[in-house]
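One structure is given below, encoded as structure tokens.
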Amino acid sequence: KQEVTQIPAALSVPEGENLVLNCSFTDSAIYNLQWFRQDPGKGLTSLLLIQSSQREQTSGRLNASLDKSSGRSTLYIAASQPGDSATYLCAVRQGKAAGNKLTFGGGTRVLVKP
Amino acid sequence: ETGVTQTPRHLVMGMTNKKSLKCEQHLGHNAMYWYKQSAKKPLELMFVYSLEERVENNSVPSRFSPECPNSSHLFLHLHTLQPEDSALYLCASSQGSDNEQFFGPGTRLTVL
């Protein structure tokens, strides 16, 4: 059974500092990995999707890396801003043999202080 | 706006009530999902519909009953719920069940 863990559960940084969010998964046979952002009481917004054959994806200040063999992904957010305050979730999708199931981590709650 | 809408946004119901949650997607997708997000627990997949047929039910209690009348609409019918069913219920859609999922804003459900 796939398990996804995100550490730390919460993170507080001053504005301008770079953020590093970690995600680990137990079964390396994944199809892809997705990072989401969730604002309080709201739905999820997709940030980046990395296919299993890729090592990283970049979008603006966001960069996500994937090391499938070690079961890890890291989301980097450069030059953090107060608007980056949210909960960040990672989710791994396993292949058709596992029903294309998306398994989520518990999230990292980020606070960027002005 | 992700193209996925959910109504109502907030719902308070008693344990003997019957209510329904509605999800609508305007993205032309052919797969839809219900997720449950409880406090301090990861998102849990409840139901998956692909081409309007239910393809996955993750051992969800029968007091939750999904309905997918067409590829754009998904309902979750609720009856005889328990206080521990209080949670944020999220709907998502995708084109094919192995592609990126787009989420709605969720319905915050409180069962008294």
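The sequence lines fix the lettering, A, B, ..., with proteins before strands; numbering per chain opens at 1.
- Within the 4.5 angstrom heavy-atom criterion, atoms from both the backbone and the side chain of Leu43(B) approach chain A.
- Here the two rings, on His77(B) and Phe64(B), have centers that are 6.0 Å apart or farther.
- Neither the backbone nor the side chain of Asp39(A) comes within contact range of chain B; no heavy atoms are under 4.5 Å apart.
- In this structure, Phe103(B) has its ring center no closer than 6.0 Å to that of Tyr33(B).
- Using a 4.5 Å cut-off between heavy atoms, Gln6(A) makes no contact with chain B at all.
- Remark: side-chain polar atoms of Arg61(A) are paired, donor with acceptor, to backbone N or O of Ala78(A) under 3.5 angstrom.
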Could you go step by step and tell me if Tyr88(A) and Val110(A) meet the side chain to side chain contact (heavy atoms under 4.5 Å, CB included) rule? CA-CA 7 Å; Tyr88(A) 292 83; Val110(A) 171; 3.7 Å; yes

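- Contact of Tyr35(B) with chain A is made through the side chain alone, with heavy-atom distances under 4.5 Å.
- Contacts between Leu44(A) and chain B at a heavy-atom distance below 4.5 Å involve backbone atoms as well as side-chain atoms.
- Side-chain atoms of Gln37(B) do not come within 3.5 Å of backbone N or O of Lys41(B) as any donor-acceptor pair.
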